[in-house]
2 protein chains.
Amino acid sequence: MKMTPMIESFVMHFGEMGSRWGFNRTVGQMYALLVVNQEPLSANDIAEALSISRGNVSMGLKELQSWRLVQTHHVAGDRKDYYKALGSIWDMANKVFEERRKREMDPTLSLLRDILIETPANEKEEYAQQRLSEIHELLESISQWSEELQRLSPEKLNTLMKLGSGVGKVLDMKDKFLKSS
Amino acid sequence: MKMTPMIESFVMHFGEMGSRWGFNRTVGQMYALLVVNQEPLSANDIAEALSISRGNVSMGLKELQSWRLVQTHHVAGDRKDYYKALGSIWDMANKVFEERRKREMDPTLSLLRDILIETPANEKEEYAQQRLSEIHELLESISQWSEELQRLSPEKLNTLMKLGSGVGKVLDMKDKFLKSS
DNA sequence: TTGAAGTTTCAGAAATTATTGAAAGTATAG
DNA sequence: CTATACTTTCAATAATTTCTGAAACTTCAA
């Protein structure tokens with residue numbers, strides 16, 4: 001399992017970016033490696049290709065599985081587990097958005113809800129609650145919206161994205177034709 | 001500058017989340033503190049409220065300024081600098097999305113472009129390039145789309161978000177009435 | 001100028017996070 | 001069962017990131 005320079009540069013880059021996307025370097029590398037390989041790889045293949053310890057691979061796979069970004073794959077008559085990246089790019093993007101929503105927004109939403117039911121003790125707190133409720137409303141909208149977008153088919157999502165700034169026009173149109181909805 | 005328990009719990013939580021949002025704990029705390037305070041605060045106020053060193057505050061403010069999430073504020077006859085969080089919640093959300101796009105997507109897009117102009121050396125690389133070009137296309141769409149959404153007015157964005165899954169219906173409508181666009 | 005009031009920088013210390021590798025665990029073929 | 005081929009766990013260690021605080025710097029009133 002030697003990587004070609006092209007593949008290696010992608011894998012390493014993905015490792016660096018990994019930390020910005022919410023997982024650590026080796027997890028990023030492992031995932032990139034799996035995405036780019038058509039055949040499933042064993043944990044040992046991965047450890048060897050990336051020159052990292054077997055234990056680290058095991059932990060990384062566990063994390064990728066918790067993100068549901070890899071599938072295991074059994075080969076008849078072979079006791080090893082093989083791993084490959086999940087289905088299509090859209091599936092992957094979906095999972096990443098979903099996980100990030102869970103990790104980045106849900107805990108904050110829940111804290112904000114708790115704070116907002118308290119009675120403000122003084123003017124400072126009243127102002128604070130005012131701001132927090134704005135944040136809460138915004139986060140809630142974004143969170144719900146992203147859930148709804150995820151339910152859209154890839155085709156529709158693609159149409160929507162390709163629409164780009166034209167979305168403004170479509171919104172005007174909606175007002176014209178569908179006052180009721 | 002003593003925080004009330006309610007404010008403190010929000011500030012501390014925001015610190016914890018900070019790391020998931022791309023800045024460190026103290027930067028998150030500092031930002032939360034500024035959001036929740038109507039009056040601008042001096043660097044010393046911040047250091048005192050959060051019990052962190054003056055130097056740390058200075059670094060944090062520098063970072064928040066690089067994200068353009070805080071404004072400085074001068075008080076006549078006072079040599080201190082005062083800081084407050086940027087305008088509305090929408091402005092803040094915009095900045096956060098913009099920065100994250102820059103940090104999380106742009107470098108990857110640029111690497112992918114470089115890789116995709118290379119000629120694949122073998123079948124493995126051909127498969128790899130195939131997948132990378134899918135990723136590239138997707139990232140490019142998301143990136144452009146998010147830029148376009150940012151240009152929309154908060155009102156329109158809000159309408160769009162509130163539309164929720166109804167967006168599917170609007171898309172169908174668009175096909176019916178605006179075949180040309 | 002000067003010095004007081006403030007800010008920034010940065011080397012080292014502290015805290016956190018990631019990684020290794022050996023030991024413990026698990027499943028299966030015989 | 002038991003040996004074997006594999007996986008997982010986790011304590012120790014390495015690497016990285018964050019934080020402190022003293023020193024250097026800046027600005028401005030007098």
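Here is how names work: the chains are called A, B, and so on, in the same order as the sequence lines, proteins then strands, and each is numbered from 1.
Interatomic distance, CG of Leu33(A) versus NZ of Lys84(A), reported as 14.0 Å (0.5 Å rounding).
Residues of residues 14-44 of chain B having a heavy atom closer than 4.0 Å to DNA chain D, listed by number: Asn24(B), Arg25(B), Thr26(B).
Taking hydrophobic clusters as Ile, Leu, Val, Met, Phe, Trp and Tyr residues chained together by side-chain heavy-atom distances below 4.5 Å, Trp145(A) shares a cluster with Leu152(A).
Between the side chains of Ser58(B) and Asn56(B), no donor N or O sits under 3.5 Å from an acceptor N or O.
Each of Arg79(A) and Val57(A) has a nearest nucleotide on DNA chain C; the 5'-most of these lies closest to Val57(A).
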Atom pairs and distances, side-chain donor-acceptor, residues 16-23 of chain B, under 3.5 Å, sequence neighbours left out:
{"residue": "Ser19(B)", "atom": "OG", "partner": "Glu16(B)", "partner atom": "O", "Å": "3.1"}
{"residue": "Arg20(B)", "atom": "NH1", "partner": "Arg103(A)", "partner atom": "O", "Å": "3.0"}
{"residue": "Trp21(B)", "atom": "NE1", "partner": "Glu104(A)", "partner atom": "O", "Å": "3.2"}

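No donor-acceptor pair under 3.5 Å is formed between the side chain of Asn94(B) and the backbone N or O of Asp91(B). At least one donor-acceptor pair closer than 3.5 Å links the side chain of Ser141(B) to the backbone N or O of Glu137(B).
In this structure, Asn56(A) atom CG and dA12(D) atom C1' are separated by 15 Å, rounded to whole Å. Rounding to whole angstrom units, CD1 of residue Ile46(A) and P of dT8(D) are separated by 11 Å. Distance CD (Gln65(A)) to P (dT7(D)): 12 Å, rounded to an integer number of Å. In this structure, the NZ atom of Lys80(B) is 7 Å from the P atom of dT7(C), given to the nearest Å. Put simply, CE on Met59(A) is 9 Å from C1' on dT20(C), counting in whole angstrom units. Rounded to whole angstrom, the span from the CD atom of Glu63(B) across to the P atom of dT8(C) amounts to 14 Å. At whole-Å resolution of the value, CG in Leu61(B) and C1' in dT9(C) are 15 Å apart. In this structure, Asp78(B) atom CG and dA5(C) atom C1' are separated by 10 Å, rounded to whole Å.
Checking each of Lys124(B), His136(B), Glu118(B), Glu134(B) against Gln129(B) for a side-chain contact (heavy atoms from CB on, under 4.5 Å) leaves exactly one that passes, namely Glu118(B).
In this structure, Lys62(B) reaches the dT9(C) phosphate: one of its side-chain N or O atoms is under 4.0 Å from OP1 or OP2. Contact check, Arg54(A) against dT7(D): a side-chain N or O comes under 4.0 Å of OP1 or OP2.
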With salt bridge (Lys or Arg N to Asp or Glu O under 4.0 Å) as the criterion, how do Glu98(B) and Lys95(B) come out once you've worked through the C-alpha distance, each side chain's angles and the decisive distance to 0.1 Å? CA-CA 5 Å; Glu98(B) 195 177 314; Lys95(B) 285 282 182 293; 5.0 Å; no

Evaluate the salt bridge (Lys or Arg N to Asp or Glu O under 4.0 Å) criterion for residues Arg113(A) and Glu140(A): first the C-alpha distance (whole Å), next the side-chain angles of each, then the deciding distance (0.1 Å), finally the verdict. CA-CA 10 Å; Arg113(A) 270 192 287 270; Glu140(A) 189 94 290; 3.6 Å; yes

Nucleotide N/O to protein N/O under 3.5 Å, stretch nucleotides 23-26 of chain C:
none

